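Convention: sequence-line order gives letters A, B, ...; per-chain numbering from 1. Note that the coordinates shown come from a computational prediction; the quantities given were computed from them, not determined experimentally.
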Amino acid sequence: VSEDTGNPLPPELEARIEAFEVAAPAADFGVAGWCWMILLGIAIPVVLLAVGWWA
Amino acid sequence: MTAQASSQADESAWPLLPAERTWGAVRLTLTLATTAAATWCYLIGESVGSYLGFIKGGLALSAGCMIGMVLVLLAAGPTCVRFGIDSIAATKPQFGSRGWIVPAILQAVSIIGWNSLLIIFFAKSAVQLSVALGLLDLGSRNAALVPVLTVFACVVIFTVLRRGATGVSMVSNILVAHVFIGLWMLYLLVSRRWPELIAAQPPGASPNHLWNYTTGVELGIGATLSWWPYIGAMIRMAPNGRTIVLPVMLGMAAPVPLLSLIGLAGALVLKSSDPTEWLRVVGGPTYAIISLTFVTAANFGTTIAGIYASAIGLRNFAALQKRTWTTLLLITIAPVAVVGIFIPELFFAKFGNFLALIGVAFAPLCGIQIVDYFVLRRGRIDIRAIYLTAPQQPYYFWRGVNPAAMIALGAGCLTYVIFLNPLSYDSTALYPYLTASLPSATAAALVYFLASLLVIRAGRGGYRSGASAPPRPPESS
């Protein structure tokens, strides 16, 4: 269902979207999440690469 | 929100409200681990074993998987987890209210391809398991059972997924045990063949050691980029973004290199990445039965998650939004069944080429999403605009397509192929220093950023007015 067809959004979907619009925007990862990402996605891979290269 | 509405949302591409997202960290980790751990890990390990030994290969692959996982998480994660939507819906701010069909096609082809492979493996493993258990005799007529078992697997998957995401999680709780069985298999091989494993020389190694090492990393990045189509449908079930990073990194990125070590070790020592073959040699028929059970279960769990993600992705098509969940499941399972029944051997023979070409597209896709969310929009997503397609809507761009995303995707794919030809593995001089996926994602991100400056100047894309969740009246037609 879309506005292309001139139909409104389904009531259930409309209610869900309104719930998001009324509430404060949710955070994405948070500080702890970013720290884990830097540790597990950058720092540890760099260490693994260094260890593997010199192994 | 009623229980029926919650159930509808679970089986739709609608945003899930925080109260409906009931998967905690443990449940998400188990589900992601079951999704990631499958037969493809052996194939990935075997590929790395062509260029690197056990230690170097394991470390390069682990590093690559973790890097690739972060790319996927940064690309699809924020929008999916904030609004409870799947990977495809999360591409509408970049590709447009009609242009999202491009990533949807990539998702469908990728998931159908992977799942066809897994379900054929499932059927073959089940036949071998029956032989090992003495239920069947050895014989060529057993091959005829593969299509029958494929149909059986499709019926079981269909039945499980009639329960929506609950079915995925329920099966994951049972099948996660196979990850530990896989590690036990690895321990067996390593403990019994360690001297041979360390001395083994990779058969396809280049004289350029850095090239070999980078290729190990690249294979890891490519493998985890393949989770892009899956991840949205899984993390949308988590209540917030703060709880997803560890489950994704530990549940999805870690099991792949660990289980790939099985294929890597098997390929180096016994010239076969398939544990169903070498465990018979190493441990005898009992171990063969255990490994076959493991392989059968692993493929089954992953296929269930893949079919679920693909069915959710189909909900983004307007023509399919009102179809029943059962219809969507049938549409998703049918191509997998057709491949498994009619052309299993042909598909196996051509699968490497198919996979390589699919993998090329996901690195630039991640680059585009990352720069759009974090740099251009600074996290401001208009959730209503994701579901509206009229010309005045923010994500309509031009005729529903954002040319910046299309050009950037093309530039990223071209960059990948220039750095590393995925079919011939010919590469440029810079490839050993940079990999192919990372320059591809960077090129796509850069092109997207520059082209988007023109889009913003033209007042399209909702960059000037787009907001995460400001109160605003409902659109009327």
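- For the pair I383(B) and E21(A), the tightest heavy-atom approach, listed with the atom from each and the gap, is CG2-CG, 4.5 Å.
- Using a 4.5 Å heavy-atom threshold, the side chains of M69(B) and M37(A) count as separate.
- No side-chain donor-acceptor contact under 3.5 Å links R242(B) to the backbone of G30(A).
- In plain terms, the two heavy atoms of D28(A) and P78(B) that are nearest each other are CB-CB, 3.9 Å.
- The 12-atom threshold is exceeded at CZ of R21(B), counting heavy atoms of other residues, nucleotides or ligands nearer than 6.0 Å.
- Residue contact with chain A, scored on non-hydrogen atoms closer than 4.5 Å, involves the backbone and the side chain of I67(B) alike.
- When each of V31(A), L39(A), I17(A) is checked for heavy-atom pairs under 4.5 Å with chain B, I17(A) comes out on top.
- Ranked by heavy-atom pairs under 4.5 Å with chain A, the list L74(B), N240(B), T243(B), L52(B) is led by L74(B).
- In terms of heavy-atom proximity, K56(B) sits nearest to W54(A) at NZ-N, 4.5 Å.
- Between F29(A) and F374(B), the angle of the ring planes stays under 30°, which puts this pair in the parallel group of the 30/60° scheme.
- Within the 4.5 angstrom heavy-atom criterion, no atom of V248(B) approaches chain A.
- Proximity to chain A is absent for every atom of I386(B), based on heavy atoms less than 4.5 angstrom apart.
- Contact check for L9(A) versus L388(B): side-chain heavy atoms found under the 4.5 Å cut-off.
- Across all their heavy atoms, L48(A) and S62(B) have their closest contact at CD1-CB, 3.8 Å.
- Between W14(B) and E12(A), some side-chain heavy-atom pair lies under the 4.5 Å cut-off.
- Here the closest non-hydrogen pair linking M66(B) and L40(A) is CE-O, 3.1 Å.
- Of the listed residues V70(B), L246(B), V81(B), L71(B), the one with more heavy-atom pairs under 4.5 angstrom with chain A than any other is L246(B).
- Shown here for P45(A) and A63(B), the closest heavy-atom pair between the two residues is O-CB, 3.7 Å.
- Checked by atom type and distance alone, the side chain of Y213(B) pairs as donor or acceptor with a backbone atom of W53(A) at under 3.5 Å.
- Note: F20(A) CZ to L16(B) CG = 7.5 Å, rounded to the nearest 0.5 Å.
- Distance check, rounded to the nearest 0.5 Å: CD of E14(A) to OH of Y387(B) gives 12.5 Å.
- Interface remark: I44(A) contributes side-chain atoms only to the contact with chain B (heavy atom separation under 4.5 Å).
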